[in-house]
Student: 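Before I ask anything, here is the structure I am working with.
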Amino acid sequence: MLARRIIIPLLLTFLSLCEMQAQTRSQAEQIKDFYACYMKAIETCNQKEENKLLQDFLTPEMQEKKGRLVQVTGSDPLLRAQDVSEYGRQSLACRHLDGSWYEVSYRWDESDTVGIKIPVRIKTDAKGKTRICYVTPYWGGSSYGDSLLDIAEQTVDDGKDAETFVATFFKTYAYNYVKMQPTLEQELGLLRQTYCTADMLGKYNALSQQYMDDASPVDPLIGCADFDAFWYSSLRVKPLGKNWFELSYNADANGWSIHVKVMVSEQNGKYRISDLE
């Protein structure tokens, strides 16, 4: 009887582990199959199939972020490359890392001894379908983990002093990019509407249109088309004098940093962004 009491829990644990391994194996296979089909579509210039695959296997938020990352890097963030090779598709592999994270890897050709390794995060949607919800960009290397994206929610303090206002405004603004909510554009628009003067909003809209006309959409307030989770910890605000402040952050590991200057004015005891350069 004692042996039976011991064996049954052990058997249940073993079966649970087997089920978990089968599930992660299945998800890894789904990710690999998606990548193989996606690379084939690019290889054969099948734009229609490529778009269909992205819509089916990426969350809507990741589809939007992919577009922004293409603008930032000039390459496909899913592949960390501008093109594909038949050898790369044939060498494709996917393995489970931890939790909801998997690693997609491939080699460009036979001489490639290092290969490209890309951590991806998945989620299960309301219909039970596996979808990619985040891809570590090239500046993140092989880093992964939920803690990268689990940033505490920020709020704007516009009543203490100008520097605190600028720092909390940009942390809140960047936070919305990192969280990748379906309402991203609405949230960013509401922050600008609330904490920028009318003249500043006019300048922001004019600059945004200019970037669009140049086919290089950039958010003038962050000086880039996107703000990634890997950049958040490097975000700094420095006073420049005469109500001007400089926002800066490191956008990759090779020293590429972005700088944006803003002016602040006080209106009815509240601070507002009134100019940008």
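Predicted model, so just to flag it, every value in this text is computed and none were measured.
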Student: Using 30° and 60° as the class boundaries, would you call the ring planes of Y102 and H96 parallel, tilted or perpendicular?
Tutor: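 Tilted, since the angle between the ring planes falls between 30° and 60°.
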Student: Indicate the ring-plane relationship of F57 and F34, choosing parallel, tilted or perpendicular according to the 30° and 60° boundaries.
Tutor: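 Because their plane-to-plane angle is under 30°, the rings of F57 and F34 count as parallel.
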Student: Looking only at side chains, do S111 and D109 share a donor and an acceptor under 3.5 Å apart?
Tutor: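 Looking only at side-chain atoms, D109 and S111 do form a donor-acceptor pair, the distance falling under 3.5 Å.
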Student: Would you check if there is a donor-acceptor pair between the side chains of N205 and S208 at a distance under 3.5 Å?
Tutor: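 Distance-only check fails for S208 and N205.
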Student: Check this for me, if you would: do K117 and E103 make a salt bridge, where the nitrogen-to-carboxylate-oxygen distance has to be below 4.0 angstrom?
Tutor: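 Salt bridge flag = no for E103 with K117.
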Student: K238 versus S248: any side-chain heavy-atom pair under 4.5 Å?
Tutor: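 No, side chains not in contact.
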Student: Are D76 and R80 within salt-bridge range, i.e. N to O under 4.0 Å?
Tutor: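 No.
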Student: Taking atom NZ as the centre, does K203 end up with more than 12 heavy-atom neighbours from other residues, nucleotides or ligands that are less than 6.0 angstrom away?
Tutor: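 Correct, the count exceeds 12.
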Student: Does atom CD of Q267 have more than 12 heavy-atom neighbours from other groups under 6.0 Å away?
Tutor: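 Yes, the 6.0 Å shell around CD holds more than 12 heavy atoms from other groups.
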Student: Salt-bridged, D112 to R107, with N to O below 4.0 Å?
Tutor: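 R107 and D112: not salt-bridged.
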Student: Checking the side chain of S234 only, and the main-chain atoms of N250 only, is there a donor and an acceptor separated by less than 3.5 Å?
Tutor: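 Checking the backbone N and O of N250 against the side chain of S234, a donor-acceptor pair under 3.5 Å is found.
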Student: Mind checking whether W101 and Y134 have parallel, tilted or perpendicular rings, split at 30° and 60°?
Tutor: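 Perpendicular, since the angle between the ring planes exceeds 60°.
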Student: If we ignore angles and hydrogens, is there a donor and acceptor under 3.5 Å between the side chains of Y173 and D219?
Tutor: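 The answer is yes; a qualifying pair exists.
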Student: Verify the neighbour count for atom NZ of K179: are there more than 12 heavy atoms of other residues, nucleotides or ligands below 6.0 Å?
Tutor: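 Atom NZ in K179 is crowded, with more than 12 foreign heavy atoms closer than 6.0 Å.
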Student: Find out whether V84 and L79 are in side-chain contact, i.e. whether some heavy atom of one side chain is under 4.5 Å from a heavy atom of the other.
Tutor: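 Touching, per the 4.5 Å side-chain cut-off.
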Student: Verify, without hydrogens or angle tests, whether T124 (side chain) and K129 (backbone) share a donor-acceptor contact under 3.5 angstrom.
Tutor: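 Answer holds: no.
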Student: Give a yes or no answer on whether the side chain of D157 reaches the backbone of G159 with a donor-acceptor pair at less than 3.5 Å.
Tutor: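 Yes, D157 side chain to G159 backbone: donor-acceptor pair under 3.5 Å.
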Student: Assess, by modelled atom type and distance only, whether the side chains of Y249 and D228 contain a donor and an acceptor separated by less than 3.5 Å.
Tutor: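 Short answer, no.
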